Amino acid sequence: MKKLLVVLVTMFIYSLSMAEIIQVPGPDGETTTAYWANPNSKAVLIFMPGGDGAFNMSSKNPAKPPWVLSKLYDASQKGPGLDLVFIDSPYSLGMRGGNIAPRYSKDHLSRMLSVIQFYKEKTKKPLYLIGHSNGTISEAEFLNQSPDNQKLLAGIIFSGSRNETSIDGPLNIPILFLHHENDANGRWTSYSNAESLYKKVKALNGAPTDFLTIHGGDAGGDPSTSGYHMYEGSFDEAANDIWNFIFKQNITN
């Protein structure tokens, strides 16, 4: 009996730690999302990943979110924190050879809208959107698609932004730009391009617009998928910047 009880308790704890895989309906079909809920959360952070955007999350059901989000997940277990959402594309959004055309497509942007609307209704909490690398193209085009889209969000974070990222105005939404000073992926995500984008957006935006630089970490291997571009060795630094950006607006007690 004791052995059975231990197994049941272990299974219960394990199940609590797994992501909830939610298929979000939309006009173009369902979009897979992974959702890590925190009963004490004050806001929701929705992640639009880079790379090709298709990660087959429904088959992985990870215990913790990937990348810098894992540090935000850990911090959220200690008190008031964040719900975390990972948007998974049902098809490749392009990656190799600079082909990112699918991120501009009507279908992709419609799926983003459906996911954001779904979690806004589900959680009734302020929503923040973060994209990294190729994911910043998706974020920018989501804002550019309609001025009403920014009204769904409490803030937006552009991390390791792609050089082609372009944001139109007018804007009235808190924005954070985050970039590693030694990002070696200069052909696609240079630090200088991120700074230029920040200056342009700051002039267009009626809300606070910040630029924070990541300094530490490891050089890694492939500059597009590892090292400074991915904040390897500096997850804590990046997570702290993201946490402060969100919590200074929402956590007042």
Side-chain angles (χ1 to χ4, degrees), residues 22 24 26 31-38 41-51 53 55 57 65-69 72-73 76 81-89 93 100 103-105 108-162 165-169 171-179 194 197-198 201 204-205 207-212 238-239 241-250:
I22 298 178
V24 176
T31 300
T32 301
T33 63
Y35 176 51
W36 293 267
N38 173 8
S41 70
K42 299 294 185 179
V44 182
L45 181 62
I46 299 176
F47 178 48
M48 174 51 65
F55 292 86
M57 293 293 284
W67 189 57
V68 173
L69 302 187
L72 297 172
Y73 174 87
S76 295
L82 301 170
D83 288 347
L84 298 165
V85 177
F86 186 110
I87 302 179
D88 194 7
S89 176
L93 298 174
I100 51 174
R103 290 190 180 267
Y104 296 89
S105 69
H108 173 57
L109 297 174
S110 174
R111 289 176 182 275
M112 283 186 68
L113 178 60
S114 294
V115 169
I116 289 169
Q117 290 174 327
F118 175 86
Y119 280 99
K120 189 173 185 67
E121 176 62 26
K122 176 179 176 64
T123 66
K124 305 294 194 299
K125 297 171 185 175
L127 300 186
Y128 287 79
L129 181 65
I130 179 172
H132 182 73
S133 194
N134 287 352
T136 63
I137 294 288
S138 300
E139 290 183 296
E141 292 309 305
F142 179 76
L143 291 180
N144 293 339
Q145 188 180 44
S146 169
D148 291 332
N149 285 355
Q150 64 183 285
K151 298 175 184 177
L152 298 170
L153 302 170
I156 191 165
I157 302 163
F158 291 85
S159 171
S161 55
R162 179 92 179 204
T165 305
S166 180
I167 307 169
D168 304 326
L171 295 166
N172 189 28
I173 179 175
I175 296 177
L176 171 64
F177 290 89
L178 199 64
H179 214 96
L197 179 63
Y198 156 70
V201 171
L204 294 171
N205 197 6
T209 309
D210 299 318
F211 187 102
L212 295 178
D241 287 341
I242 294 167
W243 185 275
N244 289 338
F245 171 71
I246 295 173
F247 275 49
K248 72 182 180 182
Q249 300 176 61
N250 287 284

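Not measured: the values here are computed from a predicted model.
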Query - Contacts of type side-chain hydrogen bond (donor to acceptor under 3.5 Å, both in side chains), residue Y104, not counting sequence neighbours - result: none
Report summary line: Applying salt bridge (Lys or Arg N to Asp or Glu O under 4.0 Å) to R111 and not counting sequence neighbours gives D107
Report summary line: Tightest non-hydrogen contact, residues S114 and G26, listed as OG-CA, 3.7 Å
Report summary line: Taken in chain and number order and not counting sequence neighbours, the residues that satisfy side-chain hydrogen bond (donor to acceptor under 3.5 Å, both in side chains) with S146 are none
Requested in this report: Hey, could you give me the CG/OG distance between N144 and S166, rounded to the nearest 0.5 Å?
Outcome: 6.5 Å
Query raised in the report: Does the side chain of F47 reach to within under 4.5 Å of the side chain of L84, using non-hydrogen atoms?
Result: no
Requested in this report: Answer whether the closest heavy-atom distance between the side chains of Q150 and L153 falls below 4.5 Å.
Outcome: no
Report summary line: Rounded to the nearest 0.5 angstrom, the CG-OG distance for N134 and S161 is 11.0 Å
Query raised in the report: With a 4.5 Å heavy-atom cut-off, do I116 and F142 have their side chains touching?
Result: yes
Report task. With sequence neighbours excluded, tell me which residues meet ring-ring contact (aromatic ring centres under 6.0 Å, His included) with F55. Result -> F86
Query - Any L113 side-chain heavy atom under 4.5 Å of N149 side chain - result: yes
Query raised in the report: Which pairs, with at least one residue in residues 136-148 and sequence neighbours excluded, count as a salt bridge (charged side-chain N to carboxylate O under 4.0 Å, His left out)?
Result: D148-K151
Report task. Not counting sequence neighbours, which residues clear side-chain hydrogen bond (donor to acceptor under 3.5 Å, both in side chains) with T209? List them please. Result -> N205
**Report entry** Exercise: identify the closest heavy-atom pair between A43 and I246
**Finding:** CB-CG2, 4.1 Å
Requested in this report: Report the residues that fulfil salt bridge (Lys or Arg N to Asp or Glu O under 4.0 Å) with D168, sequence neighbours left out, ordered by chain and then residue number.
Outcome: none
Query raised in the report: Hey, what do you get for CE (M48) to NE2 (H132), rounding to the nearest 0.5 Å?
Result: 14.0 Å
Query raised in the report: side chain to side chain contact (heavy atoms under 4.5 Å, CB included) between I175 and I173: does it pass, once the steps are laid out?
Result: CA-CA 6 Å; I175 296 177; I173 179 175; 4.0 Å; yes
Query raised in the report: Going by heavy atoms in the side chains, are L82 and K42 under 4.5 Å from each other?
Result: no
Report summary line: The salt bridge (Lys or Arg N to Asp or Glu O under 4.0 Å) partners of K125 (sequence neighbours excluded) come to D83
Report summary line: side-chain contact (heavy atoms from CB on, under 4.5 Å) filter on L212, not counting sequence neighbours, yields L176, L178, D241
Requested in this report: Evaluate the side-chain proximity of I100 to R162: yes if any heavy-atom separation is below 4.5 Å, no if none is.
Outcome: yes
Query raised in the report: CD1/I46 to OH/Y35 distance, rounded to the nearest 0.5 angstrom?
Result: 10.0 Å
Query raised in the report: Are W67 and S159 close enough that some pair of their side-chain heavy atoms sits under 4.5 Å apart?
Result: yes
Report task. Please report the shortest heavy-atom distance between R103 and P49, naming the atom on each side. Result -> NH2-O, 3.0 Å
Requested in this report: Taking the side chain as every heavy atom from C-beta outward, state whether L204 and I167 have any pair of such atoms under 4.5 Å apart.
Outcome: no
Query raised in the report: What residues, two or more places apart in sequence or in another chain, satisfy side-chain hydrogen bond (donor to acceptor under 3.5 Å, both in side chains) together with T136?
Result: T165
Query raised in the report: Quick check, are the ring centers of Y198 and F158 under 6.0 angstrom apart?
Result: no
Query - Candidate list V85, I156, I157, test side-chain contact (heavy atoms from CB on, under 4.5 Å), partner L129, passing option - result: I156
**Report entry** For F118, ring-ring contact (aromatic ring centres under 6.0 Å, His included) partners two or more places apart
**Finding:** none
**Report entry** N38 side chain vs S76 backbone, donor-acceptor pair below 3.5 Å
**Finding:** yes
**Report entry** Least distance between heavy atoms, P174 atom then A207 atom
**Finding:** N-CB, 3.6 Å
Report task. Using ring-ring contact (aromatic ring centres under 6.0 Å, His included) as the criterion, list what pairs up with H108, not counting sequence neighbours. Result -> none
Query raised in the report: Measuring from L127:CG to L45:CG, what's the distance to the nearest 0.5 Å?
Result: 9.5 Å
